[in-house]
Amino acid sequence: MFIQIPRGTYDVLPDQSPVWQKIEETARAVCDLFNYKEIRTPLFESTDLFQRGVGDTTDIVQKEMYNFKDRGDRNLTLRPEGTASVVRSFVEHKLYGLPDQPTKLYYIGPMFRYERPQSGRTRQFTQFGVEALGSADPSIDAEVIALALTFYQRLGLKHLKLVLNSLGDPETRAAHRKALIAHFKPSIGEFCEDCQRRLEKNPLRILDCKKDHDHPLMATAPSIIDYLTDSAAAYFENVKAMLDEMGITYELDPTLVRGLDYYNHTTFEIMGSSKGAISTLAGGGRYNGLVSELGGPETAGVGFALSIERLLLALDVEDISLVGPASLDCYLAAIGGHAEAKVPALLNELRKAGLRADKDYMDRKVKAQFRQADREHAKFVVVIGDDELAHQEASVKKMADGSQETVSFSKLPDYIKSKLTD
RNA sequence: GCGGUUAUGGUGAAGUGGUUAACACACCGGAUUGUGGUUCCGGCAUGCGUGGGUUCGAUCCCCACUAACCGCCCCA
C-alpha cells in the first residue's frame, strides 16, 4: 500500500539538502555577526497563544491553523508563525530580567498553515526569523532590516526591494481608522464584497485590495503617514535616516499593511524576483505591546520572518546555485571475491583517516565500478584484485589524468591524503 | 474557500476504441578475460492516477474521486 505525502508538504531529497544546509549555515553566520542567539521553541503551542498573539481577526487564526486536541483534552496548535512562541518563551523564562538587553534572538524551523498550496506557498514551510526584544531604539529596526538584507546578499541575490511603512502608535491607528471609515463608507457599495466586510473589521486592508485597486477613492484615501502622531513620525524619520546612512535604499508604501495584528510603527517587506504571483520574501516590523499582551512586562519588540522556500524560488529565478557537485576522495574497486573480503577493512581505514570514501555494493563489474566512481566525481580509484592482494599493494588511479601508481596497503591513507593536497 | 490546467516506465515525453504501448535520457549488460567521461549493440511499462460506466473490446469516450501544478483570497 502506497501512501502519499500530505497535501502542501514536500520532501527535501538528498540532491537538494546541501542547498538547505548552505542556507541555514549562512543564516547562522549572519546572526552570529549581528550577535543574535538561537532560540528553539516547540512546534506546537497552546491554541490560546496564537489567538491572543497573532490576533483573533486575522486569517491565520480564523482559517489557517492546524488545531488539535491531545489526549489530555488540551487545545494545541501547530505554530503558524514564530514570533508568538518566541515572546512566550521570553516571558516564561523571564529573559527580560537578564542583564544582557535587548534580547536578540533568531530561529529557523517549520511553520504550518492550512492553505491552498501554490507556487511559494505550502502548508508546512520554513522560516528564518529574528526578534529583538527590550529596546524601542530605532537603530534596532534598522539593524533587523540590515540583517535580512545582508543574509540575502551573502547568498548572492541581487534583485531585492525593501518596502517600508509606519503604522504608528495606537493613537495614530485609531485616528487613521476613523478617517478611513469616513472616507469609504458613503460609497462602500461600489467595492467588492471583501472590502465591504473589511470596512468595519479592518479598513486598512481595503487599501491592499487588488480588485478595487483602480477605484478613484483609493488614490484619495487618507494615508496613515498623515495621521502619525508627532512622536511616531519622529521615530519613523529616525529609522529612515539610519537606513539612509547605511546606504540601504527603500520605497515608501503607505498601503503596506502586515497580516498580523501585533504590528505597529515600522513595518517592512522585502520583495524579490519571482516567476509566480508571490514576490514577498520577508516581512517584519515592530510589535511594541505584544510582550505585555502575552503576560510580560511592557517591552518593545521588532523582528522579521522570511521563507526559505521563497528564497529558493528567488535563487532559481536569479539562476544562483549555492553548492557545486559533491566529490568523493576515493573509490575502492574490488575485482574478484578475495578482494571483496579485504576492501571493507581498507575502506574503514581510509575513512578513519578522514577521507571521503566509498565502494560498490551492487555487485557491479569493474567497468561499472569505474563508471560509478566517475559519477561520484571520485578523485582516486583504488583497485584491489588478486595481484594487489598477493603483494599487499593497491593500484591507485588518479581520475583527473588517468595516471596510476602502486601503493602498499598500509600507506594508502597517507598517500591519498598527500596527493589530495597537491 | 473559489477558479483553470494536468495525470502514460526511474525521468522527459509520443500515441491509438481492437493483436507486441513510440522515442529520448538514466540505469544494467556486451564489444574491451581487471579500469571512467566517446562510439556501437542488447536489455529495461502483463502497464497508461483510483473507482465506476458505455462497448464485443478501453490507456484512448463518459462520470465521480484523488493528487499535482498555476491563479484568486491571504500570506513567509
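Chain A is the first sequence line, chain B the second, and so forth, proteins listed ahead of strands; every chain is numbered from 1. As a basis for the values below, the full set of heavy atoms in this structure was taken, side chains included, without hydrogen atoms, waters or symmetry mates.
- Legend: residues meeting side chain to side chain donor-acceptor pair (under 3.5 Å) with A:Tyr36, ordered by chain and number and at least two apart, are A:Glu143.
- In terms of polar N and O atoms assigned as donor or acceptor, the side chain of A:Gln4 never comes within less than 3.5 Å of the base of B:U66 in a complementary pairing.
- Remark: A:Glu309 engages no residue in a salt bridge (charged side-chain N to carboxylate O under 4.0 Å, His left out) (not counting sequence neighbours).
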Output one line per pair: protein atom, nucleotide atom from nucleotides 36-38 of chain B, and distance, for all N/O pairs under 3.5 Å.
{"unit_1": "B:G36", "atom_1": "OP1", "unit_2": "A:Lys367", "atom_2": "NZ", "d": "3.2"}
{"unit_1": "B:G36", "atom_1": "O2'", "unit_2": "A:Asp374", "atom_2": "OD2", "d": "3.3"}
{"unit_1": "B:G36", "atom_1": "N7", "unit_2": "A:Lys397", "atom_2": "NZ", "d": "3.2"}
{"unit_1": "B:G36", "atom_1": "O6", "unit_2": "A:Met399", "atom_2": "O", "d": "3.0"}
{"unit_1": "B:G36", "atom_1": "N1", "unit_2": "A:Met399", "atom_2": "O", "d": "2.3"}
{"unit_1": "B:G36", "atom_1": "N2", "unit_2": "A:Asp374", "atom_2": "OD1", "d": "2.9"}
{"unit_1": "B:G36", "atom_1": "N2", "unit_2": "A:Met399", "atom_2": "O", "d": "3.4"}
{"unit_1": "B:G36", "atom_1": "N3", "unit_2": "A:Asp374", "atom_2": "OD1", "d": "3.1"}
{"unit_1": "B:G37", "atom_1": "O4'", "unit_2": "A:Asp374", "atom_2": "OD2", "d": "3.3"}

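- Helical stems involving RNA chain B, defined as 3 or more consecutive Watson-Crick or G-U pairs under 3.5 Å, span B:1-7 with B:66-72, B:10-12 with B:23-25, B:27-31 with B:39-43, B:49-53 with B:61-65.
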Would you list the atom pairs, donor with acceptor, under 3.5 Å between side chains in residues 334-346 of chain A and any protein atom, with sequence neighbours excluded?
none

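- Annotation: salt bridge (charged side-chain N to carboxylate O under 4.0 Å, His left out) contacts of A:Lys63 (sequence neighbours excluded): A:Asp59.
- Every residue two or more places apart in sequence or in another chain that forms a side-chain contact (heavy atoms from CB on, under 4.5 Å) with A:Thr172 is listed here: A:Asp169, A:Ile224, A:Tyr227, A:Leu228, A:Thr229, A:Ala232.
- Only at 4.0 angstrom or more do the heavy atoms of residues 18-25 of chain A sit from any atom of RNA chain B, so none qualifies.
- In this structure A:Asn75 satisfies the side-chain contact (heavy atoms from CB on, under 4.5 Å) test together with A:Thr47, A:Lys69, sequence neighbours excluded.
- With sequence neighbours left out, the side-chain contact (heavy atoms from CB on, under 4.5 Å) criterion links A:Pro254 to A:Asn165, A:Ser223, A:Ile225.
- Listed by residue number, the members of residues 109-117 of chain A with any heavy atom below 4.0 angstrom from RNA chain B are A:Arg113, A:Glu115, A:Arg116.
- Considering only residues two or more places apart in sequence or on other chains, A:Phe151 meets the ring-ring contact (aromatic ring centres under 6.0 Å, His included) condition with A:Phe128.
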